Amino acid sequence: MKGLFILNSREKRKTIKEIGVRYGLDEAELKDMVLLIGEGFVWAAGRDCVENLRSLPVSSLGIPIADEKKKEPTIHCIQLFFNNAWKRAVNLDRKQAEDFIDKKPVSLESELSGRVLVKNEGRALDIGQLEDGILRRRS
Amino acid sequence: MFKGLHSEFKDRISRLTGSEAGLLMESCVNPPRQSIRVNTLKTSVKACLKALEPGFTLERVPWCGTGFYMEGDGLSSTLEYFLGHYYIQDAASMIPPEALKPRPGELALDLTASPGGKTTHMAALMGNRGLLVANEGNHRRIGALRFNLSKYGILNAVVTGIDARESIEAGMLFDKILLDAPCSGEGMFGVSRESVMQWSAGKIRRNSMTQKKIMENTVRLLAEGGALVYSTCTYAPEENEAVVDTAIDLGLTVEEFRLDGLETRPGIVEWEGKVFDESVSKCVRVYPFINESIGFFTAKMVKK
């Protein structure tokens, strides 16, 4: 991976805050991870994974957790690290959740609007867009 | 009978399996049971079963603690599938990682990793710790691999795009290597008409040469005391025991392995006038009519 660099502890803390503070992500969720920047993404990888890399020419490493500029968390980041996040969260029942992942609009009574963390039985599914009581998958 | 199967294939299977040939050829025209493997990096077996049991019938795959036969419609349209809580995978494909047993903290390599079923299984056995190199030489298949590693929450893997037929400079030696070789796919005939249509004896010979070359390159990457599992989804001895025989010539030792509830046939030691090292009988042949899976071949070898 060309142009990939590891974030130091200060940069890591700042980046986690940018990715998750809006949704109440606990920084501890990513404490064992090494965060890296490259190819337009923030990546998270296990520490021993990075330490053992040496000279291997890699195409990718760990998983992309957010886009580099906006710091919008990826769906895989949401599902892995956001189960305990709680701010701006809406909870769907199973039927609503199935409609949501099928990209069908879901009617919802909520005072929230804009980007919301969508959950089902405590499991983070993705970020959704909530406007006028209608929840949609982000594009 | 068994329309669509090449006559030369039927002849080879008769010579290879004797009285079981009819059963095996019948399995070539019938699909195996559907199965899944629970992704313990994102959920527990208990929680996943609890979520799925209202809509599906589940029965444990005997040789894999996280594997289940799953009956019902819509396996790939559940919330749990969306969340990466299980991987849809044939029960026989669970054999190589279970035989290899990569452990947390080890250096492991999956040489032909895409789309990632066995890689994600290895990562789960490693508890997302250590280093797992997921290599895929076919660059068009890397996207699917990267997607699945992300979906299944694999944090200890790096993806590389090295052509395993070329000399591999990894700069490290591995404790565990999985070489699930590209093959003629005879064991997939029940699920892939394409494999049936593309079958030819010439293809088997060409595959065998490629597999031996890949094996030569792979053996060099294995650490002293390390283990290598070689697998294919085909029956052809040229692509199985003959390749293991090459690995033995290169200094590896075949090791017997047993998995609970997996009934197998031994590797064959002679085929079309060629006699292999007798230890290839420790390899396992998995036939669909016994285990309700695709057809498979697996060998475990160690570098002493």
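Here the structure is a predicted model, which is why all the values come from computation and not from measurement.
With contacts defined as side-chain heavy-atom distances shorter than 4.5 Å, the pair B:Asp110/B:Asn135 does not qualify.
Contacts between B:His139 and chain A at a heavy-atom distance below 4.5 Å are absent for every atom of the residue. Using a 4.5 Å cut-off between heavy atoms, B:Ile154 contacts chain A through its backbone alone, with no side-chain atom that close. Looking at B:Leu145, neither its backbone nor its side chain comes within 4.5 Å of chain A, counting heavy atoms on both sides. With a threshold of 4.5 angstrom between heavy atoms, A:Asp32 does not approach chain B through any atom at all. Both the backbone and the side chain of B:Leu79 come within contact range of chain A, each with at least one heavy atom under 4.5 Å from a heavy atom of that chain. With a 4.5 Å cut-off on non-hydrogen atoms, A:Arg47 does not touch chain B at all.
Across all their heavy atoms, B:Gly116 and B:Tyr87 have their closest contact at C-OH, 3.8 Å. The two residues A:Ile65 and A:Ala44 make their nearest non-hydrogen contact at CG2-CB, 3.7 Å.
Within a 6.0 Å sphere centred on CZ of B:Arg103, heavy atoms belonging to other residues, nucleotides or ligands number 12 at most. For A:Glu27, the CD atom sits in a packed shell: over 12 heavy atoms of surrounding residues, nucleotides or ligands are nearer than 6.0 Å. Remark: A:Arg13 CZ is loosely packed, at most 12 non-hydrogen atoms of other residues, nucleotides or ligands lying under 6.0 Å away.
Of all the listed residues (A:Glu121, A:Glu98, A:Arg137), the one sharing the greatest number of non-hydrogen pairs under 4.5 Å with chain B is A:Arg137. The most heavy-atom pairs under 4.5 Å with chain A, out of B:Gly130, B:Ala134, B:Gly105, come from B:Gly130. When the candidates B:Leu131, B:Leu155, B:Ile162, B:Asn156 are compared by the number of heavy-atom contacts under 4.5 Å with chain A, B:Leu155 comes out ahead.
Ion pairing between a basic and an acidic side chain is recognised when a charged N comes within 4.0 Å of a carboxylate O; B:Glu216 and B:Lys212 show no such pairing. Ion pairing between B:Arg165 and B:Asp163 holds under the 4.0 Å rule for side-chain N and carboxylate O.
Proximity of a side-chain donor or acceptor of A:Thr15 to a complementary backbone N or O of A:Glu11 within less than 3.5 Å is detected. The backbone N or O of B:Tyr86 lies less than 3.5 Å from no partner atom in the side chain of B:Asn39, so there is not a single donor-acceptor pair. At distances below 3.5 Å, not a single donor-acceptor pair connects side-chain atoms of B:Ser231 with backbone N or O atoms of B:Pro96. Listed for the B:Arg37 side chain is no donor-acceptor partner under 3.5 Å among the backbone atoms of B:Gly67. Side-chain atoms of B:Lys213 never come within 3.5 Å of backbone atoms of B:Glu166 as a donor-acceptor pair (strictly under, hydrogens ignored).
A side chain to side chain donor-acceptor pair (under 3.5 Å) with A:Asp99 is found for exactly one of A:Gln96, A:Lys103, A:Lys95, namely A:Lys95.
Of all residues spanning residues 68-88 of chain A, those with a heavy atom less than 4.5 Å away from chain B's heavy atoms are A:Ile75, A:His76, A:Gln79, A:Leu80, A:Phe81, arranged by number. Residues of residues 40-58 of chain B that come within less than 4.5 angstrom of chain A, heavy atom to heavy atom, are B:Lys42, B:Ala51 in numerical order.
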